[in-house]
Amino acid sequence: MAYDVIVLGVGGMGSATAYHLARRGKRVLGLERYDIPNAMGSSHGITRIIRLAYYEHPAYVPLLRRAYELWRELERGFGEQLLYITGSIDAGPPQSQCFAGSLRSCQLHDLPHEVLNGAEASRRFPGYRLPAELMALWQPEGGFLLSERCIVAHVVAAQAHGAEIRARERALGWEPRAGGVRVETEQGVYEAERLVISAGPWVGTLLPELASQAVPERQVLAWLQPTRPDLFQPERFPVFNLQVEEGRYYGFPIFSVPGFKFGRYHHLEQATAADEVDRECHPRDEAILRAFADAYFPDGAGPTMALKTYMFTNSPDENFILDLHPDYPQVAVAAGFSGHGYKFCSVVGEIMADLAEVGETRHDIELFQVSRFRRMVDAPNS
């Protein structure tokens with residue numbers, strides 16, 4: 001075989017996977033259909049939140065601890081800061097997933113944190129204007145990653161360890177072979193002992209059996225210029241997740257470009273095919289986001305600086321898919337990150353390298369196994 005491992009998709013997850021494999025001495029080929037980095041999938045827009053208090057499920061916290069270690073290791077090697085600490089706020093009604101789930105993770109994993117009501121949070125962080133009846137959990141280690149620069153850092157490090165990375169080369173398909181895999185692209189045919197598929201919203205085109213478990217969804221981000229920009233600087237404005245009557249929202253301080261950045265989870269609930277997503281931003285998109293800023297961050301709701309589309313890839317339970325192919329153990333898949341995966345890229349790269357190298361990992365990934373979808377289907381009849 002010409003390669004030990006081929007990685008299909010060199011975005012956030014694929015770039016990290018290529019790096020971890022290459023540093024272990026593997027002959028790695030990374031194939032990306034667009035530029036590296038690019039604005040076509042799920043990793044563009046300058047920043048992504050990282051947070052240790054994890055309301056989605058406490059099982060993510062050990063992975064996050066390792067992710068932080070690996071991000072800091074990556075930035076030391078790259079010689080450029082990639083992780084910025086601002087603290088994080090997870091807020092909502094007292095019994096909401098956003099607040100109560102974050103509190104549970106902090107309690108189970110003994111994470112430093114502080115509980116505030118909405119009025120207290122707004123006094124401490126005056127860019128916020130939260131109703132007093134909301135509850136907020138502040139965790140000091142939250143912050144943001146420079147998402148596109150992290151991809152660059154992983155790719156540069158992978159190349160330094162001998163990986164071959166090819167951009168603008170779309171994979172047409174793959175097939176298992178005796179002792180390995182064969183991958184056909186628009187430019188050629190490659191063979192390897194192992195394959196990792198980390199194609200983001202396009203995973204269903206390469207693994208049709210996962211198309212219903214990894215569904216692309218259109219998202220929109222807004223950058224609004226604050227009328228009080230001093231309140232939205234990283235040292236005064238924690239990243240946030242906020243669950244309110246209008247929906248669940250997330251946001252960032254001003255960084256790198258003009259504007260306070262934020263978005264709405266499952267923006268208009270527009271499931272789509274990855275190649276058919278509407279990449280234009282429309283007045284309705286802006287109106288929904290601006291109404292949220294007017295209500296909860298009024299000093300941030302000045303003129304619009306930018307609107308950008310990107311994609312989530314949602315699994316049915318919004319937990320990740322990290323597993324070996326059920327029929328072809330030489331193939332591993334990383335998919336279904338459901339809008340909260342980027343912060344895990346560094347540790348997912350390590351996990352996928354483990355699966356490709358030895359078929360298992362020291363990390364607990366039971367929550368992310370493909371077999372759970374069969375159990376979900378069977379459960380009503382059990």
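Reckoned from all heavy atoms, side chains included, excluding hydrogens, waters and symmetry mates.
- Considering only heavy atoms from C-beta on, Y55 stays 4.5 Å or farther from L103 through its side chain.
- Environment of CD in E235: crowded, with over 12 heavy atoms of neighbouring residues, nucleotides or ligands closer than 6.0 Å.
- When side chains are defined from C-beta on, R124 counts as touching E114, because their heavy atoms get closer than 4.5 Å.
- Within a 6.0 Å sphere centred on CD of E366, heavy atoms belonging to other residues, nucleotides or ligands number 12 at most.
- In Q95, the CD atom is not crowded: 12 or fewer heavy atoms of neighbouring residues, nucleotides or ligands sit closer than 6.0 Å.
- Side-chain polar atoms of N38 and H44 form no donor-acceptor pair below 3.5 angstrom.
- Under the 4.5 Å side-chain criterion, counting only non-hydrogen atoms from C-beta, L108 is not in contact with V61.
- Ion pairing between a basic and an acidic side chain is recognised when a charged N comes within 4.0 Å of a carboxylate O; R24 and D354 show such pairing.
- Ring to ring, F262 and Y250 are not that close: their centroids are 6.0 angstrom or more apart.
- Q159 and Y19 share no donor-acceptor pair across their side chains, judged by distance under 3.5 Å alone.
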Audit row: L70, R72, side-chain contact (heavy atoms from CB on, under 4.5 Å) steps and yes/no
CA-CA 5 Å; L70 290 169; R72 289 181 169 121; over 6 Å; no
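- D4 has no carboxylate O lying under 4.0 Å from a charged side-chain N of R194, or vice versa, which leaves the two without a salt bridge.
- Q139 places a side-chain N or O within 3.5 Å of a backbone atom of E141 that can act as its donor or acceptor partner.
- A 4.5 Å side-chain heavy-atom check between F297 and Y128 finds at least one atom pair inside the cut-off.
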Please lay out, stage by stage, how L8 and S198 fare under the test side-chain contact (heavy atoms from CB on, under 4.5 Å).
CA-CA 6 Å; L8 292 184; S198 53; 5.9 Å; no
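- Note that the CZ atom of R279 and the CZ atom of R218 stand 10.5 Å from one another [nearest 0.5 Å].
- Within the model, atoms CZ of R149 and CD1 of I151 stand 11.0 Å from one another, a figure rounded to the nearest 0.5 Å.
- Cluster membership check: I365 does not share its hydrophobic cluster with V333, using side-chain heavy-atom separations under 4.5 Å among Ile, Leu, Val, Met, Phe, Trp and Tyr.
- Criterion: ILVMFWY side-chain heavy atoms under 4.5 Å apart, direct or through other members. Under it, I321 and F312 are not part of a common hydrophobic cluster.
- With hydrogens and angles disregarded, no donor-acceptor distance shorter than 3.5 Å links the side chain of S122 to the backbone of P126.
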Applying side-chain hydrogen bond (donor to acceptor under 3.5 Å, both in side chains) to Y60 and K343, what does each step give before you reach the verdict?
CA-CA 11 Å; Y60 284 94; K343 62 186 74 65; over 6 Å; no
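- Taking the centre of each ring, F240 and Y249 stay at or above the 6.0 Å mark.
- Note: F255 and F144 meet the aromatic proximity criterion, with ring centroids under 6.0 Å apart.
- Between F292 and Y296, the ring-plane angle classifies as tilted under the 30° and 60° cut-offs.
- Connection of L206 to V196 is not established within any shared hydrophobic cluster, with ILVMFWY side chains joined at heavy-atom distances below 4.5 Å, either directly or through further cluster members.
- Counting all heavy atoms, side chain and backbone alike, V28 lies closest to A22 at CG2-N, 3.8 Å.
- Side chains of I254 and W223 form no contact here, defined as non-hydrogen atoms less than 4.5 Å apart.
- With hydrophobic clusters built from ILVMFWY side chains whose heavy atoms lie under 4.5 angstrom apart, L31 shares a cluster with V331.
- Atom-to-atom distance recorded for N241:CG and Y54:OH is 8.5 Å, nearest 0.5 angstrom.
- With a 6.0 Å radius and a threshold of 12 heavy atoms from other residues, nucleotides or ligands, E245 has its CD atom at or below the threshold.
- For E318 and H266, the side-chain atoms include at least one donor-acceptor pair closer than 3.5 Å.
- Atoms CG and CD1, on L29 and I165 in that order, are 7.5 Å from each other to the nearest 0.5 Å.
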Step by step, would you call R166 with E164 a salt bridge (Lys or Arg N to Asp or Glu O under 4.0 Å)?
CA-CA 7 Å; R166 293 174 173 265; E164 180 180 347; 2.7 Å; yes
Audit row: E191, R177, side-chain contact (heavy atoms from CB on, under 4.5 Å) steps and yes/no
CA-CA 9 Å; E191 292 189 346; R177 310 283 278 189; 3.9 Å; yes
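- Side-chain atoms of H325 come within 3.5 Å of backbone N or O of D327 as a donor-acceptor pair.
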Working for side-chain contact (heavy atoms from CB on, under 4.5 Å), residues L74 and H154
CA-CA 7 Å; L74 181 68; H154 272 135; 3.5 Å; yes
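- At least one side-chain heavy atom of I6 sits less than 4.5 Å from a side-chain heavy atom of Y190.
- In this structure, H57 contributes its side chain and A59 its backbone to a donor-acceptor pair below 3.5 Å.
- Residues W71 and V347 form no side-chain contact, since every pair of their non-hydrogen atoms from C-beta on lies 4.5 Å or further apart.
- With respect to the salt-bridge test (charged N to carboxylate O, under 4.0 angstrom), the residues E350 and R362 qualify.
- A cation-pi geometry, defined here as NZ or CZ lying under 6.0 Å from the six-membered ring centre and within 45° of its normal, does not hold between R65 and F344.
- Salt bridge status for R129 with D294: absent, with no side-chain N to carboxylate O gap under 4.0 Å.
- Of the inter-residue distances, the one linking T272 atom OG1 with Q270 atom CD reads 8.0 Å to the nearest 0.5 angstrom.
- With no hydrogens or angles considered, a side-chain donor-acceptor pair links E217 and N314 at under 3.5 Å.
- Other residues sharing a hydrophobic cluster with V277 under the 4.5 Å side-chain heavy-atom criterion for ILVMFWY residues are Y34, M40, W202, M311.
- Salt bridge annotation for R66-E73: absent, with no cationic side-chain nitrogen under 4.0 angstrom from a carboxylate oxygen.
- In this structure, F320 and H340 have tilted ring planes: the angle between them lies in the 30° to 60° band.
- Residue M305 holds its CE atom at 5.5 Å from CD of Q225, rounded to the nearest 0.5 Å.
- Salt bridge absent: E32 and R168 never bring a charged side-chain N and a carboxylate O closer than 4.0 Å.
- Remark: the backbone N or O of A214 is not paired with any side-chain donor or acceptor of S315 at under 3.5 angstrom.
- Remark: the backbone N or O of H161 is not paired with any side-chain donor or acceptor of R23 at under 3.5 angstrom.
- Cation-pi geometry between R27 and Y3 is not met: the NZ or CZ atom fails to fall both under 6.0 Å from the ring centre and inside 45° of the normal.
- Here D317 pairs with R372 in a salt bridge; the nearest charged N to carboxylate O distance falls below 4.0 Å.
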Can you give each donor-acceptor pair under 3.5 Å made by side-chain atoms of residues 83-91, sequence neighbours left out, with the distance rounded to 0.1 Å?
residue, atom, partner, partner atom, Å
T86, OG1, V239, N, 3.3
D90, OD2, S102, OG, 3.0

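- Between the side chain of E148 and the backbone N or O of I46 there is at least one donor-acceptor pair closer than 3.5 Å.
- Under a 3.5 Å cut-off, the side chain of K261 and the backbone N or O of L224 do not form any donor-acceptor pair.
- A donor-acceptor contact under 3.5 angstrom links the side chains of E286 and T304, judged on distance only.
- Of the N and O atoms on the side chains of T185 and E169, at least one donor lies less than 3.5 Å from an acceptor on the other residue.
- Between T309 and E280 there is no side-chain heavy-atom pair separated by less than 4.5 Å.
- L322 and V203 are members of different hydrophobic clusters when ILVMFWY side chains are connected at heavy-atom separations under 4.5 Å.
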